[in-house]
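Here's the structure, in structure tokens; my notes come after.
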Amino acid sequence: MLKSLSAAVSIALAVSTGHVAAESKSSVTIASPWEVASYDPAVAGFAIQKLQIMENLVDADTTGMLRPGLATQWKASDDGLNWEFTLREGVRFHDGSAFDADAAVFALTRAWEQPGVLKKAPITDIAAQNGKVVITLATPFTALPAFLAHATTIIPAQAAFDTEGKPKALIGTGPFSVSTFTPPQSISLTRNDAYWGENAKLETATYLAAGRAETRALLAESGDADIIFTLDAAGYSHLQHVDTIETSAVPIPRVVALKVNAGHAFFNDAKARQALSLAIPRDGIARAITRFPEAAANQLFPPALNSWHSAEIEPLRTDIEAAKALLADLGWVAGDDGILTRNGERFAITLRTFPDRPELPLIATALQDQWREIGIELEVSVASYSEIPAGHQDGSLHVALYARNYGVTADPVGAVLQDFGQGGGDWGAMGWENSKVADALSIIASTTDQDLRQESIATVTGVLQQELPVIPVVWYQHTVSVDKNLKSVVIDPLQRSYGLSEMYWAN
């Protein structure tokens, strides 16, 4: 709490002294919950990409349709094992160095070696050939261009790394360059007048990481930030009545979900995970906490993902008695205090979550109360979001509550492979694998037959609905406030870009 208050005070002081506030109508200030604590695209690519500092070989529009980025075109060989990317000519990094095939291969090879989506692609080689980038695969993989639109595959200059290959600066090719980086709280940007494309209308921009929802709402109302992302229900409702602000809620392919350690003795049977799901009051959470009743998640993939959201699947429901019956089938017996025991061990677990998304601790508290009704003693730990992947890696995680964006790649198979492919993922399955899902994902990622692809998607969604290695709670509405005088603001449902280069002030 003290750390959060300190951050809020720091932001308020910076704004009041003019250090981060927009001083003219050629600048804009964006505030969101997300800290940017690293120069590394593998860690902070999500923010670097949104702020248009660095770019990808392949870009995507707000519908997920792929379009040229630093590569103007791409094609696969007849056998699907070699992809050739033709690069845009005349592009330079912010430091004046040339963007070419060697620079792209250097960046992509590093991304391939780091945790991220490229790890899930069957890549065997990335090379520069005749001024083009050629990526060789072990098996056909039609989703490769979509993977190259992912935030972890942005292209930094080689000068952004030290002699040991560690990131030391934010140097890209985008329409904005970094003038000041104060991790983890703020980034100041300047228009790149040497940009290869159309120059941005804004001269400068500032990004603020404000972890507390109340702070973000205050920045919006005071006019000290022009665009605010991820408002809590109270702040969103209040700002709807502020004359100078427009608010919007955009359905996005993001879901609040529970990651369950299926390798733990308590959860290694699907019945246990089904019991947890049956004891989730989704309708109540959607109405009372997120304030969007239609957001109760009866399956993992939100309606925004048309090809993955199924009207045919049997919806998840709430049924406390059915949950108790499943746990009884697994040998759990209620003790004198109502908490279940089995073989002398209490059903006592810890749920990890984080405060950056203000609804998560509230949802965790609701689950704590509801799960006690079925005999589960739940301790809630609210800390840094990094505790979740850390718990996955060291095996200590029981259950985690978080928000997962299945639009992180333009083709959702990228995120799904990352989460439910072999070995699972930090933000996906833990201690769980399924051969049917693995086979279906392989088909989805490699086939050009759309009927076969859709059939394989149905296999994946059906198994996930039954096995529940990740349990959906509510789907997201992306809540945003924007100063009414700021024009050409497009809220990207895939959350790849803030669209800074298109914005301008009406006055």
Side-chain angles (χ1 to χ4, degrees), residues 58 60 64 66 76 79-81 83 111-112 114-124 135-153 253-255 257-263 270 273 297 299-310 312-313 389 392 404-472 494:
V58 180
L66 298 181
D79 61 6
L81 299 181
W83 283 81
W112 179 29
Q114 302 293 312
V117 295
L118 289 190
K119 280 286 189 184
K120 298 294 184 180
I123 296 171
T124 60
I135 299 179
T136 304
L137 306 175
T139 57
F141 190 69
T142 57
L144 181 64
F147 274 38
L148 294 178
H150 187 260
T152 58
T153 68
R254 185 183 291 274
V255 60
L258 286 158
K259 172 190 177 76
V260 182
N261 181 358
R273 303 189 296 274
Q299 57 185 284
L300 183 61
F301 300 108
L305 293 173
N306 294 332
S307 61
W308 289 78
H309 180 83
S310 173
E312 307 300 323
I313 206 165
H392 178 109
R404 181 64 165 132
N405 181 8
Y406 285 105
V408 292
T409 50
D411 185 334
V413 71
V416 181
L417 268 170
Q418 202 170 10
D419 287 0
F420 303 107
Q422 186 176 8
D426 287 351
W427 300 100
M430 179 178 180
W432 180 91
E433 290 185 16
N434 183 282
S435 59
K436 287 184 179 180
V437 168
D439 292 344
L441 286 174
S442 179
I443 293 171
I444 294 164
S446 60
T447 188
T448 57
D449 183 330
Q450 291 305 305
D451 289 337
L452 178 59
R453 190 177 199 272
Q454 204 59 44
E455 179 183 325
S456 300
I457 288 173
T459 296
V460 172
T461 56
V463 172
L464 293 180
Q465 188 84 340
Q466 180 65 27
E467 292 282 325
L468 294 174
V470 169
I471 305 172
L494 298 181

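When reading the values below, keep in mind they use all heavy atoms of this one structure, side chains included, and skip hydrogens, waters and symmetry mates. Source: prediction; values computed, not measured.
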Worksheet item: How close do Gln422 and Glu433 get, heavy atom to heavy atom, and via which atoms?
Response: C-OE2, 3.9 Å
Worksheet item: Do side-chain atoms of His392 reach the backbone of Gly425 as a donor and acceptor pair under 3.5 angstrom?
Response: yes
Discussion item. Nearest 0.5 angstrom please: Leu441 CG to Ser446 OG, how far?
Written reply: 10.5 Å
Worksheet entry | Nearest heavy atoms of Lys259 and Asp426, plus distance in Å | NZ-O, 3.2 Å
Practice prompt. Could you tell me whether the side chain of Pro469 reaches within less than 4.5 Å of the side chain of Leu464, counting heavy atoms only?
Written response: yes
Worksheet item: Nearest heavy-atom pair of Val255 and Ala297: which atoms, and what distance?
Response: CG2-CB, 4.4 Å
Item to complete: For Phe420 and Leu300, run side chain to side chain contact (heavy atoms under 4.5 Å, CB included): C-alpha distance rounded to whole Å, both residues' side-chain angles, the deciding distance at 0.1 Å, then the answer.
Response: CA-CA 12 Å; Phe420 303 107; Leu300 183 61; 3.8 Å; yes
Item to complete: Please report the C-alpha distance between Glu467 and Arg273 in whole Å, then the side-chain angles of each, then the deciding distance to 0.1 Å, and finally whether the side chain to side chain contact (heavy atoms under 4.5 Å, CB included) criterion is met.
Response: CA-CA 7 Å; Glu467 292 282 325; Arg273 303 189 296 274; 3.2 Å; yes
Worksheet item: For the atom pair OG1 (Thr142) and CG (Leu137), what is the distance rounded to the nearest 0.5 Å?
Response: 10.0 Å
Side-chain donor-acceptor pairs under 3.5 Å in residues 144-151, sequence neighbours left out?
| unit_1 | atom_1 | unit_2 | atom_2 | d |
| --- | --- | --- | --- | --- |
| His150 | ND1 | Thr152 | N | 3.1 |
| His150 | ND1 | Thr152 | OG1 | 2.7 |

Response to the item:
Residue pairs meeting ring-ring contact (aromatic ring centres under 6.0 Å, His included), one or both in residues 425-471, sequence neighbours left out, come to Tyr402-Trp427
Worksheet item: In Å and rounded to the nearest 0.5 Å, what is the CD1 to CD distance from Ile444 to Glu455?
Response: 10.5 Å
Fill in: Heavy-atom pair with the smallest gap, counting every atom of Val413 and Ala143
CG1-CB, 3.6 Å
Worksheet entry | Test item: Gln299 side-chain N/O and Gln465 main-chain N/O as donor-acceptor pair under 3.5 Å | no
Worksheet item: What pair of heavy atoms forms the shortest contact from Pro253 to Asn405, and how long is it?
Response: O-OD1, 3.3 Å
Worksheet item: Looking at Lys436 and Thr459, what are the two nearest heavy atoms and their distance?
Response: O-CG2, 4.2 Å
Worksheet entry | Contacts of type ring pair (Phe, Tyr, Trp, His ring centres under 6.0 Å), residue Phe301, not counting sequence neighbours | Trp308, Tyr406
Worksheet item: Atom CD1 in Ile313, atom CD in Gln466: separation rounded to 0.5 Å?
Response: 9.5 Å
Discussion item. Rounded at 0.5 Å granularity, tell me how far OG1 in Thr153 sits from CD in Gln114.
Written reply: 13.0 Å
Practice prompt. Show the numbers, then the answer: is there a side chain to side chain contact (heavy atoms under 4.5 Å, CB included) between Leu452 and Ile443?
Written response: CA-CA 8 Å; Leu452 178 59; Ile443 293 171; 3.7 Å; yes
Discussion item. Once rounded to the nearest 0.5 Å, what's the spacing between atom CD of Gln454 and atom OG1 of Thr461?
Written reply: 8.5 Å
Discussion item. Is there a side chain to side chain contact (heavy atoms under 4.5 Å, CB included) between Ile471 and Leu468? Walk through the geometry before answering.
Written reply: CA-CA 5 Å; Ile471 305 172; Leu468 294 174; 4.0 Å; yes
